[in-house]
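Beneath this line is the structure, given in structure tokens, with notes to follow.
Lettering of chains follows the sequences in order, A, B, ..., and the numbering in each one begins at 1.
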Number of protein chains: 2
Amino acid sequence: MHMSTIYDVAELAGVSPATVSRVFNGTSVSDEKVAAVRDAAKRLNFTPNRAARTLRTQSSEVIALVIPDIENPYFTEMARGVEDVASKAGYSVVLCNSDAQLDKESTYLQIAIAEHMSGVIIATASEGSNLDPIIATGRPVVAVDRHTAYDVDGVVMANRAAGTSATKDLIRAGYRRIAYIGGPAHIDTAAERAAGWQDAITADGREIDDELLRFSTFRVDGGRAAMEELLALPEPPDAVVAGNNLIGVGAIQVLTEHGLTPPAVGVAVIGSLPFTTLSPSAVTVVRLPARHMGVTAANMLLERIRGDEQPARTVVLRNELQSASILR
Amino acid sequence: MHMSTIYDVAELAGVSPATVSRVFNGTSVSDEKVAAVRDAAKRLNFTPNRAARTLRTQSSEVIALVIPDIENPYFTEMARGVEDVASKAGYSVVLCNSDAQLDKESTYLQIAIAEHMSGVIIATASEGSNLDPIIATGRPVVAVDRHTAYDVDGVVMANRAAGTSATKDLIRAGYRRIAYIGGPAHIDTAAERAAGWQDAITADGREIDDELLRFSTFRVDGGRAAMEELLALPEPPDAVVAGNNLIGVGAIQVLTEHGLTPPAVGVAVIGSLPFTTLSPSAVTVVRLPARHMGVTAANMLLERIRGDEQPARTVVLRNELQSASILR
DNA sequence: ATGAAAGCGCTAACAT
DNA sequence: ATGTTAGCGCTTTCAT
């Protein structure tokens with residue numbers, strides 16, 4: 001019940017508290033004393049008090065990972081990448097779900113400051129995200145997935161290219177009236193992927209029909225609603241590009257319910273379809289390397305934590321087209 | 001860059017540090033001083049140092065949520081429930097992914113102790129999970145989803161009943177040779193759901209064919225492998241009960257690849273199919289109220305944190321059959 | 001290599 | 001209502 005301290009350990013081992021501290025921090029202590037201390041620590045079931053350590057050193061081996069939707073497998077896959085790198089380096093990861101809400105995001109950032117966490121990896125909730133407080137503390141910040149207005153490191157996908165290759169694959173497969181459903185227009189990934197879609201349409205010598213461009217939410221319900229609207233059009237599309245994995249799920253659900261299971265209507269999804277039970281030949285997927293993004297971001301953050309001072313960098317990750325037509 | 005302290009705020013506001021502390025902790029301070037302190041705090045961009053607070057009070061408003069698979073939507077849905085309750089009560093949630101590994105789990109539990117977190121909600125990695133250290137500290141622990149050998153509060157699903165109703169629904173739909181694919185046998189939820197399957201089979205007056213009972217992993221690849229084995233049997237099953245959501249996904253994938261898309265072979269899944277694009281009429285689902293489990297566990301934990309001393313309780317949550325046959 | 005002692009920022013008696 | 005002060009457990013100079 002009572003938590004033992006380095007003083008208890010010191011007394012039992014017959015050394016000073018300083019020596020106990022040294023044993024646990026790897027500075028020079030004679031072999032006998034090391035053994036005595038370890039033994040005493042074990043017998044007392046000693047666990048170093050992190051709060052005291054953090055208070056004293058003004059830092060803790062914890063990094064915060066702030067994401068807008070913990071239920072989206074894209075972000076949990078990314079989280080795995082972050083965690084693997086961080087824990088190998090002796091850091092713990094605190095996963096914070098901002099729920100795409102600015103106030104929750106601010107709260108978590110505030111906690112990161114107050115807890116003296118070593119750094120933050122964040123997929124911002126929106127353009128309005130305020131990183132000033134955390135940046136003002138001098139702590140390193142890495143922005144993932146989404147762009148920010150701040151001068152911090154970043155790791156993003158090749159979003160415009162993803163939009164283009166998804167759309168081109170649909171064109172190649174013979175579809176002619178291709179819609180796009182993206183996330184909120186104020187999130188840059190959504191806008192960029194839509195721009196990629198436009199590129200492909202115009203490159204094919206067609207006009208952009210504004211009715212076919214829909215900004216929604218990055219969730220299943222958003223994909224569903226937009227797909228329903230598209231099907232209700234006087235001249236519905238014969239194919240659709242989904243701006244992220246969950247929108248893809250929603251769109252396919254609606255199509256299936258209307259008896260238009262792909263490839264009856266063409267579907268290309270930007271991001272892997274989570275837990276899909278669909279045949280891979282039916283839907284085009286542009287794979288986004290989410291885990292790799294997490295790994296890259298964690299490595300960048302660790303470099304900064306270790307004192308790297310070079311100007312902010314942004315890494316753009318290549319995506320990978322998995323064409324449905326290959327298998328047709 | 002420099003972090004201001006209550007001393008800085010006190011000086012600027014012309015009060016003592018204790019008064020500053022009182023302002024931030026809601027004890028009686030005159031209105032003028034409150035205003036002065038708040039103003040000074042704002043001007044200095046003051047954020048209370050949590051490490052110091054934790055050290056002093058020997059507690060922090062943080063609870064740990066330890067789960068075995070952060071990529072399983074079942075657990076993230078649960079996490080949402082925990083988070084909603086906790087954050088409303090002023091607690092932050094630290095999400096820890098044990099990856100079903102005992103050593104990782106122990107490490108996180110150790111961190112929870114060292115960081116003086118207020119309590120732990122844990123879905124254990126296996127029967128071998130060691131909760132002694134955390135329990136020895138006197139901190140409240142709530143076990144979710146899975147049983148433990150410890151005398152702690154728990155929230156679990158009605159697993160055996162889930163196995164039975166899933167199986168019975170398949171029987172009702174006319175299937176006669178019904179297999180079961182579960183998670184690892186050493187995890188009680190897997191074993192119990194399997195027992196429910198057995199109950200239903202025997203209640204129907206049939207023999208248990210051991211070849212039709214498979215213990216695998218609670219992941220997609222586990223479901224896939226087991227389903228492949230079942231299909232390779234001399235006398236393959238005409239239906240299958242999947243022991244969790246991901247096994248269900250894996251099984252359906254394999255069936256689809258073999259041209260046996262449900263209901264060609266009957267499928268019942270214990271747990272909601274995440275992000276499914278399947279028609280709801282094709283597959284029986286036993287919905288497990290994951291979010292509700294999280295909410296319940298968080299409320300129990302908060303009660304304990306507030307000093308509730310009653311004997312340990314276990315809450316069993318009802319599940320909900322969504323029969324495929326209804327829609328046939 | 002080891003010990004003594006100061007201090008990180010906060011809260012909670014205790015005193016006024 | 002407000003101020004003074006001790007101390008939470010640790011790390012880290014500074015001596016020795």
Practice task
Record whether the side chain of A:Y7 comes under 3.5 Å of the base of D:dC10 through a donor-acceptor pair of N or O atoms.
Solution key: yes
Exercise for the section: Tell me what A:S21 touches on the nucleic acid: a base, only sugar-phosphate, or nothing, going by heavy atoms under 4.0 Å. Expected result: base
Problem - Sugar-phosphate only, base, or nothing, as touched by A:R22 at under 4.0 Å among non-hydrogen atoms - result: base
Practice task
Kindly say if A:S16 contacts the phosphate of C:dG3, meaning a side-chain N or O under 4.0 Å from OP1 or OP2.
Solution key: yes
Problem - B:R56 CZ to D:dC10 C1', straight-line distance once rounded to whole Å - result: 16 Å
Handout entry: Atom-to-atom span, CZ of A:R50 to P of D:dT11 - whole angstrom
Key = 11 Å
Practice task
State whether B:N25 places a side-chain N or O below 4.0 Å from either non-bridging phosphate oxygen (OP1 or OP2) of C:dT11.
Solution key: yes
Practice task
Using a 4.0 Å heavy-atom cut-off across all strands, classify A:F24 as base, sugar-phosphate, or nothing.
Solution key: nothing
Handout entry: Length of the line joining A:I6:CD1 and C:dC8:C1', which is rounded to integer Å
Key = 14 Å
Handout entry: B:Q58 vs C:dT11: side-chain N/O to OP1/OP2 distance below 4.0 Å
Key = no
Practice task
Check the distance between D:dC10's P and A:E61's CD and give it to me in whole angstrom.
Solution key: 15 Å
Practice task
Return the value, rounded to whole Å, for the distance between atom CZ of A:R53 and atom C1' of D:dT11.
Solution key: 8 Å
Problem - Closest non-hydrogen atom pair, A:A143 against A:T148 - result: CB-CG2, 3.5 Å
Problem - d(CG, A:L55; C1', D:dG9) in whole Å - result: 9 Å
Handout entry: Short side-chain N/O contact to C:dT2 OP1/OP2 from A:S30, under 4.0 Å
Key = yes
Exercise for the section: Measure from the side chain of B:P48, starting at C-beta and using heavy atoms only, and say which of C:dG3, C:dC10, C:dT2 lies closest. Expected result: C:dC10
Exercise for the section: May I ask you to check whether A:F46 and A:F24 place their ring centres under 6.0 Å from each other? Expected result: yes
Handout entry: Closest non-hydrogen atom pair between A:E105 and A:A125, with its separation
Key = OE2-N, 2.7 Å
Exercise for the section: Would you please confirm or rule out a distance under 4.0 Å between OP1 or OP2 of D:dC8 and any side-chain N or O of A:T5? Expected result: no
Exercise for the section: Would you mind reading off the distance between B:M3 atom CE and C:dC10 atom P, rounded to a whole angstrom? Expected result: 9 Å
Practice task
Compare side-chain N and O positions of A:T54 against OP1 and OP2 of D:dC10 and report whether any pair is under 4.0 Å apart.
Solution key: no
Exercise for the section: Calculate the interatomic distance between B:H116 atom NE2 and C:dC10 atom P; express it in whole Å. Expected result: 17 Å
Problem - Chi angles and distances behind the salt bridge (Lys or Arg N to Asp or Glu O under 4.0 Å) call for A:R291, A:E83 - result: CA-CA 10 Å; A:R291 188 180 180 286; A:E83 219 207 356; over 6 Å; no
Practice task
Report yes if at least one side-chain N or O of B:S28 is closer than 4.0 Å to OP1 or OP2 of D:dA1; otherwise report no.
Solution key: yes
Problem - Nearest-0.5 Å distance, SG of residue B:C96 to CE of residue B:M117 - result: 6.0 Å
